[in-house]
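All remarks here apply to the structure that follows.
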Amino acid sequence: MTSRRQPVCIELPDWLFDALDFQRAYATGEQRMALAISLSARNVEHGGGPFGACVFDMRNHQLIAAGVNRVEQTGLSVAHAEMMALMQAQRRLQSWTLRADSVPGCELVTSSEPCVQCYGGIYWSGIRQLVCGARRSDVMALGFDEGPRSEDWTESLQKHGTAVKTDVLRDAAVEVLQAYKKRGGLIYNP
């Protein structure tokens with residue numbers, strides 16, 4: 001019988017940290033999205049899911065944290081790119097809320113619109129701005145079940161204090177999704 005007290009540890013791949021530049025200012029929204037999409041593409045190359053996300057400081061546009069989808073590698077359904085990036089940012093900034101006075105305004109840039117789980121994580125995290133590449137419909141076209149999400153999801157986040165931008169470099173983000181499908185990537189929770 002295994003111990004009831006097993007630690008849960010979700011590690012990000014070593015290659016991810018080699019690909020990040022925490023000193024660089026990613027001045028435009030397209031530069032920030034290009035990084036998230038490049039991480040999603042690299043994750044596919046390394047056998048992971050086609051999703052990448054980054055948290056940036058809204059004042060100087062420097063990278064705070066990044067994440068890629070780790071569901072297959074960890075066997076944990078919560079290991080989505082957005083959740084990984086949010087957890088990394090909270091750990092790095094030492095705050096469970098990214099709206100604390102001691103924390104800079106944070107922007108989450110993600111290669112696709114959030115699923116129902118990540119939508120909840122974004123809502124509770126304190127992110128001030130969400131920027132998305134591919135649409136939910138693009139992800140669902142591959143066969144992923146993104147869960148129920150209201151049609152007014154952007155308005156709900158905005159009422160909560162999170163600005164939302166969608167379709168930033170959408171075509172490039174969709175190319176990664178298509179590459180994943182072409183490689184025969186696992187469609188979990190269909």
Side-chain angles (χ1 to χ4, degrees), residues 8-17 19-20 32-33 35-56 63-92 96-98 106-127 129-150 153-154 156-157 162 164-166 168-170 172-174 176-181 183 185-190:
V8 175
C9 182
I10 305 173
E11 291 189 7
L12 289 167
D14 290 335
W15 67 259
L16 175 67
F17 297 99
L20 302 176
R32 294 187 294 278
M33 180 59 72
L35 177 60
I37 293 170
S38 71
L39 296 178
S40 69
R42 196 149 175 206
N43 201 45
V44 170
E45 292 169 8
H46 284 80
F51 306 101
C54 301
V55 176
F56 292 93
L63 182 65
I64 294 171
V68 291
N69 183 283
R70 301 290 290 164
V71 171
E72 286 186 68
Q73 291 84 355
T74 64
L76 300 170
S77 63
V78 298
H80 289 199
E82 298 93 331
M83 302 303 287
M84 301 299 290
L86 291 171
M87 288 187 290
Q88 289 289 320
Q90 290 170 333
R91 180 64 49 93
R92 184 165 183 210
W96 58 269
T97 177
L98 299 177
C106 293
E107 172 187 57
L108 176 65
V109 178
T110 179
S111 62
S112 69
E113 292 178 354
C115 69
V116 66
Q117 169 189 255
C118 295
Y119 173 84
I122 291 163
Y123 186 92
W124 290 116
S125 71
I127 284 292
Q129 181 162 286
L130 170 65
V131 181
C132 307
R135 292 181 184 172
R136 177 178 191 249
S137 58
D138 299 326
V139 175
M140 292 178 70
L142 268 67
F144 285 103
D145 180 353
E146 295 294 276
R149 189 183 72 192
S150 67
W153 70 277
T154 58
S156 295
L157 282 175
T162 303
V164 179
K165 294 180 183 178
T166 58
V168 176
L169 299 181
R170 178 183 178 202
V174 170
V176 175
L177 296 172
Q178 293 301 321
Y180 181 75
K181 181 178 182 176
R183 286 178 89 112
L186 177 67
I187 306 298
Y188 48 86
N189 289 345

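Source: prediction; values computed, not measured.
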Can you name the residues that form a salt bridge (Lys or Arg N to Asp or Glu O under 4.0 Å) with [X], not counting sequence neighbours?
| X | result |
| --- | --- |
| Arg42 | none |
| Arg149 | Glu113 |
| Arg32 | Glu107 |

Worksheet entry | Qualifying residues under side-chain contact (heavy atoms from CB on, under 4.5 Å), relative to Ala81, sequence neighbours excluded | Phe51, Ala53
Is the shortest side-chain heavy-atom distance between [X] and [Y] below 4.5 Å?
| X | Y | value |
| --- | --- | --- |
| Leu39 | Leu20 | yes |
| Phe144 | Asp138 | no |
| Pro13 | His46 | no |
| Cys118 | Thr110 | no |

Worksheet entry | Exceeds 12 heavy-atom contacts within 6.0 angstrom, atom CH2 of Trp15 | yes
Worksheet item: Would one find more than 12 heavy atoms of other residues, nucleotides or ligands at under 6.0 Å from atom CZ of Arg91?
Response: no
Response to the item:
Applying ring pair (Phe, Tyr, Trp, His ring centres under 6.0 Å) to Trp124 and not counting sequence neighbours gives none
Worksheet item: For Gly52, does its backbone N or O pair with a side-chain atom of Ser111 as donor and acceptor, under 3.5 Å?
Response: yes
Worksheet entry | Val78 vs Met83, side-chain contact (heavy atoms from CB on, under 4.5 Å): CA-CA, chis, key distance, verdict | CA-CA 7 Å; Val78 298; Met83 302 303 287; 5.6 Å; no
Name the atoms and distances for all side-chain donor-acceptor pairs under 3.5 Å in residues 66-76, with sequence neighbours left out.
| residue | atom | partner | partner atom | Å |
| --- | --- | --- | --- | --- |
| Asn69 | OD1 | Val71 | N | 3.2 |
| Asn69 | ND2 | Tyr188 | OH | 2.7 |
| Arg70 | NE | Glu11 | O | 3.1 |
| Arg70 | NH2 | Glu11 | O | 3.4 |
| Glu72 | OE2 | Tyr180 | OH | 3.2 |
| Gln73 | NE2 | Gly47 | O | 3.3 |
| Thr74 | OG1 | Arg70 | O | 2.7 |
| Thr74 | OG1 | Leu76 | N | 3.1 |

